Amino acid sequence: MARVDDEPPPDVDVAGRLVGLRRMGGTSFAHLRDGSGEVQLFLNRQALGADAYRKALELLDVGDFVSAGGSLFRTRSGEPSVRVDRLQVAAKALRPLPAKWHGLRDPETRFRQRYLDILANDEVRRRFEARTAIVSALRRVLDTYGYLEVETPTLQPIYGGGAAVPFVTSYAALNRDYYLRIADELYLKRLLVAGYERVYEICKNFRNEGIDSSHCPEFTMLECYQAFADLGDMRDLAQQLVAAAAEAACGTTRVQVDDHVLDFTPPWRRLTYRDALLAGAGVDLEGDGSLSALNDAAEANEVPVDPSWPRAKLLDELMKTLVEPTLVQPTLLERYPTETAPLAKRCPDDPRYIERFEVFVNGMEMANAYTELNDPLEQRARMEDQASARHGDDATPVDEDFLLALEHGMPPAGGLGIGVDRLVMALAGVSNIREVILFPQLRDRS
RNA sequence: GGGCUGGUAGCUCAGUUGGCAGAGCAGCGGACUUUUAAUCCGAAGGUCGUGGGUUCGAGACCCACCCGGCCCA
């Protein structure tokens with residue numbers, strides 16, 4: 001490979017995007033950038049020929065893709081440069097790049113024309129590279145443990161695995177409505193029935209609900225299931241996955257974000273749901289945990305609630321308002337009340353609780369795990385309970401096909417879901433989910 | 001859905017009490033043969049988000065709407 005101080009000066013060819021052009025009469029300087037860095041072009045009337053030199057300067061604009069060749073040397077200031085004797089425009093830019101000095105700041109333009117954002121803002125470019133590194137790290141850990149990566153339907157005849165409003169679409173060949181998945185859980189569990197013992201999928205889920213700084217209707221989820229694993233195994237796995245992601249993105253598990261450090265080094269803090277609710281709302285689920293006691297606690301803490309809400313919704317609202325915002329460092333919230341999730345196995349020592357944890361970081365839910373319910377009879381009863389207690393339009397319909405699969409025998413298993421966008425947010429130190437999604441959707445500019 | 005806040009040249013932003021629409025950079029023309037955000041000279045560049053209203057006069061004030069951002073629900 002040619003080096004800049006070789007003798008005689010090596011002849012090289014370079015190509016890239018023109019990012020700077022300084023015309024100084026008989027000599028001009030240009031910078032070409034590609035994925036590996038920048039190189040300076042030394043354009044000289046004599047080296048290039050008077051006619052070619054004049055034409056080149058007439059034609060060139062910052063933003064063009066250019067290829068050039070010539071001898072490699074150092075300028076008087078020591079910068080390695082190509083003394084160009086041949087030059088071609090490989091692609092012409094008709095519109096100017098965002099200003100080199102002030103860059104592109106308008107958030108609307110940054111989101112609508114993300115290619116300009118990435119082009120102009122190094123930090124943004126690096127953030128999306130980090131996102132890819134994070135997803136690769138998650139795959140690497142799971143692959144190392146022998147998990148099988150699979151693909152399950154995005155278009156589903158019945159939606160399940162969560163509580164959310166689905167996007168509805170029309171499936172012409174089958175002549176019926178289909179749903180974009182809100183989760184892939186019920187398909188991955190069918191694969192446990194099939195005999196695969198470790199499966200995972202990283203995919204887009206779709207929830208036809210609000211957009212805010214931590215919710216995007218189209219988001220990325222990792223779900224993985226392991227036969228014969230218990231919740232402790234899932235706890236270890238969750239911490240390993242996130243720690244590996246932090247190492248991949250930041251080179252450390254202690255991530256500096258603004259003025260504080262998020263410490264993802266395992267083991268993380270553990271907290272039971274009961275203790276958290278007691279500390280946050282002053283209600284003891286094992287004292288008077290009745291509906292009226294919960295409503296009283298909401299009122300005492302000025303949490304707006306609706307008396308018609310079922311217990312699960314009320315609990316969720318209390319936790320969201322009074323507990324979750326306090327969970328800044330990675331925290332495992334454990335031992336959830338049974339009604340909070342219909343797909344989780346009950347604690348063997350106390351059927352009021354399920355074997356579930358969620359991970360919170362920066363006050364935001366980032367992961368969710370259960371010991372999976374694999375008893376087809378109890379699963380049917382719990383799903384029917386949930387369907388009959390429907391509240392609003394996010395009630396989950398009973399999936400008979402899934403229950404049929406369970407009736408053929410699903411091994412005991414642990415399952416874990418990680419919100420990939422939110423993981424990236426935490427590791428990148430940004431507070432808006434749009435900052436980690438390449439092309440977030442915005443309203444039409446009508 | 002509510003509150004706050006923003007939308008002015010390609011980009012980043014000023015615009016005072018309601019009185020001629022501004023700057024820097026980019027772009028255009030010119031000078032300049034080792035520059036580094038080159039420098040210097042010159043000219044140009046506007047649906048002030050949209051539509052109404054008040055006024056002799058509106059970028060600014062009032063009303064409605066559109067598109068963002070932050071916070072709350």
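Keep in mind it's a predicted model, so treat the numbers as computed, not measured. Chain identifiers are assigned alphabetically (A, B, ...) following the order of the sequence lines, protein sequences preceding nucleic acid strands; residue numbering begins at 1 within each chain.
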### Message
Quick check on the 6.0 Å ring-centre criterion: do A:F42 and A:F29 meet it?
### Response
yes
### Task
Going 5' to 3' through nucleotides 24-32 of chain B, assign each nucleotide B (protein heavy atom under 4.0 Å from a base atom), S (under 4.0 Å only from sugar-phosphate atoms) or - (no protein heavy atom that close).
B-S-S---B
### Query
For A:E58, does the CD atom have more than 12 heavy-atom neighbours from other residues, nucleotides or ligands under 6.0 Å away?
yes
### Task
In whole angstrom, give the distance that lies between atom CD of A:E108 and atom P of B:G6.
16 Å
### Query
Touch check for A:F42, heavy atoms < 4.0 angstrom, all strands: base, sugar-phosphate only, or nothing?
base
### Query
Is A:Q40 side chain donor-acceptor paired with the B:U35 base, going by distance under 3.5 Å alone?
yes
### Message
Output the rounded distance in Å from CG (A:L442) to C1' (B:C66).
### Response
13 Å
### Task
Report which part of the nucleic acid A:R74 touches: base, sugar-phosphate, or nothing (heavy-atom distance under 4.0 Å, all strands).
nothing
### Task
Measure from the side chain of A:R443, starting at C-beta and using heavy atoms only, and say which of B:G68, B:U35, B:U12 lies closest.
B:G68
### Message
Measure CD/A:Q46 against C1'/B:U34 and give the value in whole Å, please.
### Response
13 Å
### Query
Can you tell me how far C1' of B:C65 sits from CG of A:D444, to the nearest Å?
16 Å
### Summary
Between CZ of A:R112 and P of B:C11 the distance, given in whole Å, is 14 Å
### Summary
Given Watson-Crick and G-U pairs under 3.5 Å, RNA chain B in dot-bracket ([ ] crossing, | other strand) is (((((((..((((.....[..))))..((((.......))))......(((((..]....)))))))))))).
### Task
Examine the base of B:U34 for any acceptor or donor lying under 3.5 Å from a partner atom in the side chain of A:T27, and report the outcome as yes or no.
no
### Message
Over all strands shown, is A:R22 touching base, sugar-phosphate only, or nothing at heavy-atom distances under 4.0 angstrom?
### Response
base
